[in-house]
Amino acid sequence: MSKNESSSSLWPGIIFCVGIAVVSFATWLVYKPISSLMWAFIYSIIITNLVKLPNRFMGGINFCAREFLRGVIAALGIVTTALIWLQVGIGVINALIIIFFSFFFSLWLGRKLGLSNTLATLIGVGTCICGASAIAAAGPAIKAKEEEMGLAVACITLFGLLAMFTYPFLYMNTVVGEWLQHNLNLYAIWCGSGIHEVAQVAAAGDALGVAGPALLVKAIRVFMIGPMILLATYMFGREVKVVNTNVKEKPKIVLPAYGVVFIVLSFCCAFLDAYAPQIAALGFDWPSVKSVLSGVVFKFLLAVCFAGVGLKVRFQQIAKLGAKPFAVGALMAILAGILALILAIAVAPFVPPA
């Protein structure tokens with residue numbers, strides 16, 4: 001298949017996702033409490049579980065749910081000032097505690113329930129780092145089987161999605177909001193340190209307007225992907241030998257490019273914020289541009305992405321999860337969320353209000 005043909009095959013699915021995003025954005029304009037991103041996710045899940053979509057849509061849907069989503073998250077850094085670290089920087093400690101607790105407890109729990117070491121490790125890595133991306137990176141390093149990787153991804157995705165909806169609901173409608181002193185910076189720390197996937201953190205944060213701060217906390221977990229995969233490989237003692245040599249091949253560790261770009265752009269945003277008056281004198285109204293980007297452009301683009309994500313969530317596939325992986329995944333998600341909440345409450349005196 002040529003590049004042109006490959007590119008053209010993406011358009012039906014992309015256009016379909018854009019259509020869902022348009023409806024979702026219009027719904028959000030009518031009912032603000034639920035973000036356009038969330039509406040896109042809800043609509044797309046309903047559609048994909050009621051209607052069999054044409055196969056020609058799948059290329060574009062996959063593109064929106066993966067490559068385009070990562071690109072949008074990376075670009076989101078331009079409206080997320082790195083100066084927010086002055087407010088949520090202590091959330092780094094929370095994130096690191098969650099990482100090591102989730103990893104080691106998952107290994108212990110998996111063994112107790114009879115899971116293979118590789119499957120328990122994949123669920124632990126997915127919970128503590130960044131969901132499916134971490135599983136995809138760790139799987140080859142620990143020689144996991146494809147079915148184990150698929151099972152771990154499905155399990156992590158399910159409970160991450162539930163967390164994506166549950167966190168904002170609990171903050172807005174239960175005593176959790178009081179525990180967090182109705183401080184959105186604390187909510188961002190809770191989301192960033194407790195929810196699995198980067199995209200899920202973005203969604204839960206965006207529900208209350210703090211996607212950027214939540215992603216900054218989450219970035220600490222994302223950038224631990226290398227060390228944690230090395231740790232998993234060491235614990236397994238899995239060293240792969242290069243064919244016909246005695247040289248041992250080290251697992252490839254690649255930092256996610258979108259995470260690097262997000263951090264770099266967040267520093268650009270901090271610069272633009274700090275020198276906004278001087279930049280305005282040159283004829284560029286950065287505060288207005290930033291407002292449009294964060295309030296309209298990125299909300300719509302994230303809705304397009306999550307239309308793609310939602311269209312890949314099929315209840316029949318989720319139902320195929322085994323009871324034991326399901327139990328481990330559920331318990332890990334609950335414990336990680338509770339621990340992240342306790343830690344967010346603990347650092348409340350050091351975190352100023354948003």
Side-chain angles (χ1 to χ4, degrees), residues 73 85 88-111 115 117-139 141-142 144 149 152-153 155-157 159-160 163-164 167 185-202 204-205 213-236 251 253-256 258-260 262-263 328-347 350-351:
I73 289 177
W85 279 115
V88 300
I90 198 167
V92 172
I93 299 173
N94 296 34
L96 292 174
I97 293 174
I98 291 295
I99 287 170
F100 289 103
F101 166 79
S102 299
F103 180 75
F104 287 107
F105 192 82
S106 178
L107 287 178
W108 177 84
L109 183 63
R111 292 191 184 105
L115 296 187
N117 285 339
T118 48
L119 182 54
T121 299
L122 291 175
I123 291 175
V125 169
T127 301
C128 75
I129 303 296
C130 53
S133 298
I135 292 170
I142 61 173
M149 293 177 64
V153 168
C155 193
I156 289 297
T157 299
F159 294 109
M164 185 179 81
Y167 279 44
N185 279 328
L186 289 175
Y187 171 75
I189 290 174
W190 181 34
C191 290
S193 56
I195 298 178
H196 301 342
E197 293 268 8
V198 173
Q200 294 159 359
V201 171
L215 284 171
L216 280 172
V217 177
K218 176 64 175 176
I220 299 302
R221 295 166 65 192
V222 172
F223 282 102
M224 282 294 289
I225 190 170
M228 294 309 296
I229 291 173
L230 288 173
L231 176 61
T233 306
Y234 170 78
M235 292 183 67
F236 269 81
I253 306 300
V254 180
L255 287 175
Y258 67 90
V260 176
F262 177 87
I263 296 295
V328 173
L331 188 55
M332 289 308 306
I334 292 170
L335 291 177
I338 291 174
L339 179 58
L341 178 59
I342 292 173
L343 292 171
I345 294 171
V347 302
F350 309 101
V351 180

Exercise. Phe105 vs Trp108 aromatic rings, parallel, tilted or perpendicular, using cut-offs 30° and 60°?
Worked result: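 Ring orientation, 0 to 90° scale: tilted.
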
Closest heavy-atom pair and its distance - [X], [Y]:
X      : Y      : result
Ala204 : Tyr187 : O-OH, 2.7 Å
Gly205 : Ala214 : CA-CB, 4.5 Å
Arg221 : Gly194 : NH1-N, 3.5 Å
Gly329 : Cys155 : CA-SG, 3.6 Å
Asn117 : Thr121 : O-OG1, 2.7 Å

State the [atom1]-[atom2] distance between [X] and [Y], to the nearest 0.5 angstrom.
X      : Y      : atom1 : atom2 : answer
Phe103 : Ile99  : CZ    : CD1   : 11.5 Å
Phe104 : Leu231 : CZ    : CG    : 5.0 Å
Glu197 : Phe159 : CD    : CZ    : 14.0 Å
Ser102 : Leu109 : OG    : CG    : 11.5 Å

Exercise. Of all residues at least two apart in sequence or in a different chain, which pass the side-chain contact (heavy atoms from CB on, under 4.5 Å) check with Ile345?
Worked result: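 Only Trp179, Leu180, Leu341 meet the side-chain contact (heavy atoms from CB on, under 4.5 Å) criterion with Ile345.
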
Exercise. Side chain of Lys218, backbone of His196: donor and acceptor closer than 3.5 Å?
Worked result: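 The answer is yes, because a donor-acceptor pair under 3.5 Å joins these two groups.
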
Problem set entry | Side-chain donor/acceptor of Trp190 to backbone N/O of Ile195, under 3.5 Å |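 Absent.
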
For this session: Among Thr127, Val328, Leu115, Leu331, find the residue that satisfies the side-chain contact (heavy atoms from CB on, under 4.5 Å) test when tested with Ser106.
Result: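 Among Thr127, Val328, Leu115, Leu331, the one meeting side-chain contact (heavy atoms from CB on, under 4.5 Å) with Ser106 is Val328.
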
Problem set entry | Reference residue Val217; test side-chain contact (heavy atoms from CB on, under 4.5 Å); the match among Ile189, Val201, Asn94 |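 For Val217, the side-chain contact (heavy atoms from CB on, under 4.5 Å) check succeeds only for Ile189.
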
Problem set entry | Heavy-atom side-chain contact between Ile123 and Leu119 under 4.5 Å |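 Answer yes - side chains close enough.
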
Exercise. After noting the C-alpha distance and the side-chain angles of Ile97 and Leu343, does the key distance pass the side-chain contact (heavy atoms from CB on, under 4.5 Å) rule?
Worked result: CA-CA 9 Å; Ile97 293 174; Leu343 292 171; 3.8 Å; yes

